[in-house]
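Contents: one structure, followed by commentary.
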Protein chains: 2
Amino acid sequence: MARTTGSHSDITGPRIRDVAMRLFAQHGYAAVSMRQIASDVGVQAGALYNYTPDKQSLLFGLMQGHMEDLLAARAARDVPEDSLAQLEDFTRFHIAFHMERADAVFVSYMELRSLSDENFATIETLRRRYEDELEQILRQGVCTGVFSVPDTKIATLALIAMLTGVNTWYRTGGRLSVEEVETIYWDMVRKAVAP
Amino acid sequence: MARTTGSHSDITGPRIRDVAMRLFAQHGYAAVSMRQIASDVGVQAGALYNYTPDKQSLLFGLMQGHMEDLLAARAARDVPEDSLAQLEDFTRFHIAFHMERADAVFVSYMELRSLSDENFATIETLRRRYEDELEQILRQGVCTGVFSVPDTKIATLALIAMLTGVNTWYRTGGRLSVEEVETIYWDMVRKAVAP
DNA sequence: GTCTATACATGGATAGAC
DNA sequence: GTCTATCCATGTATAGAC
């Protein structure tokens with residue numbers, strides 16, 4: 001059936017999000033203009049406001065979407081029984097998920113300060129929920145003597161920082177596959193928390 | 001002796017750098033205006049240009065100064081003989097140095113993309129030189145069997161990411177002293193690279 | 001060395017025609 | 001749903017007086 005010329009609501013929306021994510025990751029939220037986003041999408045600046053009330057909401061939607069994808073993907077996973085297998089599963093999941101979404105990870109970490117207070121609180125809650133999963137694994141393992149760490153909260157943050165650091169150097173098409181990177185990091189994680 | 005009223009070249013210069021570092025860390029380079037920096041310093045915007053040719057040079061000077069401080073502080077240290085002691089020394093040095101300069105560390109990492117191509121290359125060279133020191137320690141230790149890591153380059157980046165991650169959670173005046181934090185991280189680093 | 005004043009570009013966001 | 005045109009705020013940087 002016929003559609004009015006120039007009407008692409010089902011295409012333009014996702015395209016705006018894709019382009020904004022890429023530009024925010026590359027140059028930073030504050031350094032990217034709505035005109036630049038529109039130009040890359042192939043529309044005029046005014047058209048963007050059919051999809052987002054303002055620039056801040058566009059950023060927040062991207063970050064919230066990323067965090068919810070992360071939690072949903074994590075929740076969809078079968079959790080092994082013993083602590084060591086759980087930690088390996090978390091490590092491999094974290095690396096694989098984050099390597100596939102370099103832009104979203106970068107934006108979600110770097111642009112926390114660009115969020116309004118209210119939006120920041122929302123994202124922080126989601127991020128904390130994810131961190132808590134790792135801390136639970138560590139805490140239980142410490143209880144049963146499978147792991148030994150000086151402080152489960154600090155170890156959680158230290159491991160996540162280490163794992164997310166993959167994004168600073170990994171480039172798709174490099175000499176290592178995702179699985180090889182997973183294995184390299186798992187080796188270090190396993191030993192770092194060993195008794 | 002008398003000084004012309006309103007003349008403070010020896011005070012204003014450092015103040016501009018301090019204020020700019022703090023504001024860049026808090027809001028990001030692109031989000032901070034020269035007017036805002038001037039306002040916090042207590043001068044008019046035009047006066048800033050007696051101290052920096054432009055905003056980009058101000059950022060670059062801050063980052064270059066930080067990296068040179070880092071390398072100088074590192075070079076001033078006595079290097080222990082055996083690999084394990086070298087790694088502990090590096091770990092404690094990195095944490096203590098970075099914890100004391102949270103703003104500079106944050107800016108130097110987050111604002112790499114705000115640098116011009118030429119300035120970026122200069123900073124990258126300095127950063128690489130620092131990373132190479134850690135990689136040398138790891139490489140030698142692997143040779144002599146003191147350490148075992150899957151890949152010294154990746155291990156270097158993983159450890160630095162983990163250590164620098166302290167800055168995401170540590171706040172001065174918290175429950176842990178700098179030395180306690182050093183010890184907690186050293187425990188994990190030591191084990192992570194153990195054979 | 002700092003000020004006031006300003007040139008000039010670019011930003012977010014909106015109004016109304018199609 | 002998109003466009004053109006525009007409002008108005010804010011940005012970097014400079015000129016010239018003091």
Practice task
Rounded off to whole Å, could you give me the OH-to-C1' distance for the Tyr49(B) and dT4(C) pair?
Solution key: 16 Å
Handout entry: Which nucleotide in dA13(D), dA13(C), dG1(D) has an atom nearest any side-chain atom of Lys55(A)
Key = dA13(C)
Problem - N/O (side chain, Ser33(B)) to phosphate O (OP1/OP2, dT10(D)) under 4.0 Å - result: no
Problem - Atom CD of Glu179(A): over 12 foreign heavy atoms under 6.0 Å - result: no
Practice task
Measure the acute angle between the ring planes of Tyr109(B) and Tyr109(A), then classify it against the limits of 30° and 60° as parallel, tilted or perpendicular.
Solution key: tilted
Exercise for the section: Specify the separation, in whole Å, of atom CG of Leu59(A) and atom P of dG12(C). Expected result: 13 Å
Problem - From dA13(D), dC3(C), dT14(C), nucleotide with atom closest to Ala47(B) side chain - result: dC3(C)
Problem - Presence of salt bridge, Arg128(B) and Asp132(B), under 4.0 angstrom - result: no
Practice task
Answer with base, sugar-phosphate or nothing: what part of the nucleic acid does Val32(B) contact at a heavy-atom distance below 4.0 Å?
Solution key: sugar-phosphate
Handout entry: Distance, rounded to the nearest Å, where His27(A) contributes NE2 and dG11(C) contributes P
Key = 12 Å
Practice task
Give the ring-plane orientation class for His98(A) versus His66(A), where under 30° counts as parallel, over 60° as perpendicular and anything between as tilted.
Solution key: perpendicular
Practice task
Between dT2(D), dT2(C), dA13(C), spot the one nearest the side chain of Asp54(A), thanks.
Solution key: dA13(C)
Practice task
Take atom CZ of Arg35(A) and atom C1' of dC7(D), then tell me their distance rounded to the nearest Å.
Solution key: 11 Å
Exercise for the section: Figure out the CD1/P separation between Ile37(B) and dT10(D), and round it to whole Å. Expected result: 17 Å
Handout entry: Length of the CG-C1' vector between Leu48(B) and dT4(C), whole Å
Key = 15 Å
Practice task
Round to a whole Å and report the spacing from CG of Leu58(A) to C1' of dA13(C).
Solution key: 14 Å
Handout entry: Distance test, side-chain N/O of Gln44(A) to OP1/OP2 of dT4(D), below 4.0 Å
Key = yes
Practice task
Return no unless some side-chain N or O of Thr12(A) is found under 4.0 Å from OP1 or OP2 of dG1(D).
Solution key: no
Problem - Parallel, tilted or perpendicular: ring planes of Phe24(B) versus Tyr29(B), cut at 30 and 60 degrees - result: perpendicular
Handout entry: Interatomic distance, Asn50(B) CG vs dG1(C) C1' [rounded to whole Å]
Key = 6 Å
